[in-house]
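Take a look at the structure below.
Both backbone and side-chain heavy atoms feed into the values below; hydrogens, waters and symmetry mates do not.
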Amino acid sequence: MMFADTSRGKPFSKDPAVVRLGNRYLLYYSIPPFRDGREGDGWRIGVAEGMDLDCWEKVGELPPLSPCDNNGMAAPGAIVLDGRVHLFYTAYGNGPKDAICHAVSADGIRFTPNESNPVFSPTGSWNCGRAIDPDVIEHDGRLLLYFSTRDPEFKVQMTGVAAAPLSSSFGRADWTQLCHAPILAPELPWEQDCIEASALCRHDGKLYMFYGGAYNNAPQQIGCAVSDDGLNWKRVSDTPVLANGAPGEWNSSESGHPFVFESAAGVHHLFFQGNNDNGDTWYISRREIAWGNGIPYCKPYQETETNGKQIFSGNNEAQQGRSFLTPNDFQGTDTERINQAIKAAAAAGCRVVIPRTNLGGCVPEDRWLLDSAILLESNTVLELDNCHIKLSNRCRDNFIRGVSSSNSESAPQPLRNIHIRGVGRACLEGADRPRATGDSGKTIGAGTYGTDAGVDREKQYGDWRNIGILLGFVQHFSIENLLIKDSHCWGISLEYCAHGKVRDIEFSSDGVKVVDDNSETVLNQDGLDLRRGCHDILIENISGRSGDDLVALTALPGRKKSGMVGTAYFGEVMLGDGLDDIRHIVVRNIRGYSAGGHHIVRLLNSGGIRMHDILIDGVVDCTPAGVQPCRATLKIGDHNYGDGAAAVGETCRIVVNNVISKAVHAVLIGGSLSDSIVTNVVHHSSDGVEALSFSPQSGRDCVCNVRLANLMTAGIG
């Protein structure tokens with residue numbers, strides 16, 4: 001497990017603290033100032049969540065909670081008491097006046113500060129009055145608070161302890177300092193001038209304190225001491241429990257600032273920070289703790305467990321030292337190796353990483369070539385790490401799809417927990433000579449390109465295999481941080497998917513492709529399509545250009561096409577009772593255009609299927625000068641698809657806000673719209689077309705109870 005927050009421009013996460021709240025894990029950590037001159041810049045605490053202890057996603061960042069936090073807040077410690085997260089942290093950036101603060105949260109993300117913050121600073125002539133790096137543990141009916149401080153000369157870092165009743169609010173008046181001298185101070189040569197970042201746990205009735213010895217990158221290493229009462233401590237060894245790495249390893253500069261998390265199964269996990277560049281970057285990692293005669297030691301990475309499952313046995317040297325699989329661990333074609341890794345990772349409960357370098361051939365390559373689709377099953381995390389994945393010229397299949405069978409007349413069992421995420425610049429690219437392009441209504445060679453045109457025994461039309469990423473009946477999913485280039489049809493298509501997010505996707509398709517110096521037409525190159533039954537989905541940060549609509553929500557009735565494989569993976573499935581509706585969708589921060597002159601965002605439903613409760617916030621038309629303008633920046637409804645335009649009331653509760661358009665129409669009503677709001681639309685128009693307009697088949701009779709505000713038509717300038 002390796003985690004780093006990149007919001008400050010480089011990987012940087014320190015001082016981990018981990019809790020479990022409900023069915024998810026929460027990771028709290030320190031992130032540095034932006035250092036760009038902005039007001040109120042200082043250290044902050046980031047929040048990430050995960051469904052296991054290895055895969056983390058940032059979900060928040062704590063603002064200053066109390067006046068004493070204004071200069072910064074860092075080094076969190078966390079504990080769950082009575083179903084709420086209690087966060088203890090350092091009000092940082094105040095020199096000798098750094099102190100411990102407290103806040104509480106029901107959801108682990110939004111915190112309410114203690115009214116008496118800061119709640120603790122040490123007293124006594126043995127210290128400088130500073131307190132940082134809090135960690136807490138329940139013991140004998142009290143909450144013990146361990147902190148780091150320095151001597152009056154501000155040179156030596158050491159550890160103290162205070163206590164408060166469990167029944168208290170943990171405010172300033174509740175704490176009693178229990179020591180009149182450090183309970184642990186540096187003594188051993190490797191500890192140099194510092195013991196800090198106490199991390200407490202309990203084992204066999206005794207308390208154990210893991211700690212960072214020596215200042216950052218000196219190198220800091222992790223030691224351990226044991227106590228019966230929490231006040232009197234004895235080191236378990238004169239050597240570190242976890243040392244810094246060897247030269248060239250990721251943690252060669254240090255392994256430091258520990259935190260111990262105990263799972264429900266009683267397994268202890270040591271989270272810690274490290275780097276190999278003397279602190280220019282920082283990563284958080286994890287090792288499982290094992291015990292021998294009361295002495296803790298860190299298992300090798302290949303023996304570390306995730307949720308009780310062993311990840312690697314250590315028999316394969318390529319797998320040792322990490323908690324994930326890559327296709328480079330397997331034999332076969334690129335597609336076979338990727339799919340073998342996915343199956344093995346699903347069984348082991350870990351993620352799959354496709355790295356930049358492909359080691360499957362005689363020489364390493366910076367490309368992975370697919371002859372058929374990557375197949376995902378439930379509980380798959382697929383990480384594309386700066387890699388380039390390309391369809392081969394003999395492939396007539398998707399980049400990626402779920403393993404559910406197609407052409408079923410009834411709904412399949414849903415897949416769950418599928419996550420596809422790019423790291424850095426991850427690219428999915430179509431073939432140089434695609435065998436087929438376009439949707440199921442397009443004949444190959446008759447308007448859309450494909451080398452299968454006229455080839456005996458090959459289907460002569462497009463179908464769902466031309467779609468880039470295709471997921472159907474998937475609950476709890478994410479697709480993030482990808483570049484999709486020259487897709488053979490829609491870049492991403494979702495059918496009956498729920499509780500997910502698609503974000504940070506760039507599309508790069510022009511509706512044409514140069515093959516052998518000839519410009520060939522490629523039809524139906526939508527960017528992202530949500531189809532029947534999709535609900536509770538976030539779409540955000542979509543950019544680039546597509547040959548057809550950039551983002552489309554299309555709820556059209558299923559049709560059985562004799563002898564044809566349709567574009568819909570589950571084309572004949574209809575659930576009824578409103579389950580085919582597209583609903584509860586958020587679309588925001590869309591920046592791009594349709595190179596084919598179609599639409600940037602499109603809503604389309606027909607045949608009694610409803611589309612409702614949709615927020616569209618922030619659509620910027622980025623069509624360059626000299627490029628054909630889009631038909632509409634946002635089009636709602638159409639008479640030319642399915643069973644014709646949706647009846648009044650079937651496209652409803654749509655909120656449109658903040659649209660900037662260069663298209664022929666800014667917002668075009670092509671069907672019906674009711675109980676909705678359209679606000680803040682700016683239409684750059686050379687011929688004075690209004691910001692809201694209607695197709696010839698539609699009119700104001702198709703619009704019912706729609707509120708309009710701040711619609712502006714501006715000249716081109």
Side-chain angles (χ1 to χ4, degrees), residues 1-4 50-56 245-246 248-251 283 285-288 298-392 395 397-403 417-428 469 481-482:
M1 172 243 163
M2 298 279 283
F3 171 83
M51 301 307 292
D52 57 37
L53 295 177
D54 284 323
C55 301
W56 299 97
E249 293 184 352
W250 76 272
N251 58 336
Y283 289 84
S285 190
R286 175 181 70 86
R287 298 283 290 274
E288 184 181 318
C298 292
K299 287 186 177 183
Y301 277 112
Q302 63 266 26
E303 296 179 8
T304 292
E305 296 179 357
T306 299
N307 295 340
K309 294 181 180 179
Q310 183 170 320
I311 300 300
F312 302 124
S313 64
N315 294 329
N316 184 345
E317 290 184 3
Q319 297 172 2
Q320 294 187 12
R322 53 180 166 82
S323 58
F324 58 87
L325 286 168
T326 88
N328 287 327
D329 299 327
F330 299 88
Q331 302 296 316
T333 66
D334 289 357
T335 308
E336 290 170 344
R337 293 158 60 216
I338 293 170
N339 285 332
Q340 288 177 63
I342 289 170
K343 282 186 172 291
C350 68
R351 75 188 191 280
V352 174
V353 176
I354 303 179
R356 174 178 176 178
T357 304
N358 181 352
L359 302 178
C362 297
V363 296
E365 289 189 90
D366 287 341
R367 188 179 70 173
W368 300 81
L369 204 59
L370 301 183
D371 294 328
S372 58
I374 297 171
L375 302 177
L376 304 183
E377 48 193 275
S378 290
N379 303 312
T380 295
V381 176
L382 179 64
E383 188 173 290
L384 311 181
D385 188 356
N386 287 285
C387 65
H388 181 194
I389 296 176
K390 186 175 176 65
L391 298 180
S392 74
C395 180
D397 209 344
N398 317 108
F399 291 117
I400 301 169
R401 74 170 180 268
V403 295
N417 301 325
I418 289 180
H419 302 280
I420 306 164
R421 63 187 182 215
V423 174
R425 188 68 165 171
C427 176
L428 302 177
I469 298 176
N481 196 33
L482 300 174

Side-chain contact, heavy-atom cut-off 4.5 Å: [X] with [Y]?
X	Y	result
R401	L375	yes
L482	L384	yes
D334	P327	no
D397	L370	no
L382	R421	no
W250	M2	yes
W368	P355	yes
F399	I374	no

So, taking the atom named [atom1] in [X] and the one named [atom2] in [Y], what distance separates them when rounded to the nearest 0.5 Å?
X	Y	atom1	atom2	value
I469	I400	CD1	CD1	4.5 Å
D329	T326	CG	OG1	4.0 Å
K390	L369	NZ	CG	8.0 Å
L376	N417	CG	CG	12.5 Å
S372	L391	OG	CG	10.0 Å
Q340	Q331	CD	CD	8.5 Å

With salt bridge (Lys or Arg N to Asp or Glu O under 4.0 Å) as the test, would you mind laying out the steps for D385 and R356 before giving the verdict? CA-CA 6 Å; D385 188 356; R356 174 178 176 178; over 6 Å; no
Cationic N near anionic O, under 4.0 Å, D54 to R286: yes
Check the pair C350, L325 against side-chain contact (heavy atoms from CB on, under 4.5 Å), reporting the backbone distance first and the verdict last. CA-CA 7 Å; C350 68; L325 286 168; 4.3 Å; yes
Is a side-chain donor-acceptor pair under 3.5 Å present for S392 with D371? yes
CA sep, side-chain torsions, deciding dist, call: V352, V381, side-chain contact (heavy atoms from CB on, under 4.5 Å): CA-CA 6 Å; V352 174; V381 176; over 6 Å; no
Criterion side chain to side chain donor-acceptor pair (under 3.5 Å) on R337 and N358, from CA distance to verdict: CA-CA 10 Å; R337 293 158 60 216; N358 181 352; 2.9 Å; yes
Under 3.5 Å, is there a donor-acceptor pair between the side chain of D52 and the main chain of C55? yes
Evaluate side-chain contact (heavy atoms from CB on, under 4.5 Å) for T357 paired with E365, printing each intermediate quantity in order. CA-CA 6 Å; T357 304; E365 289 189 90; over 6 Å; no
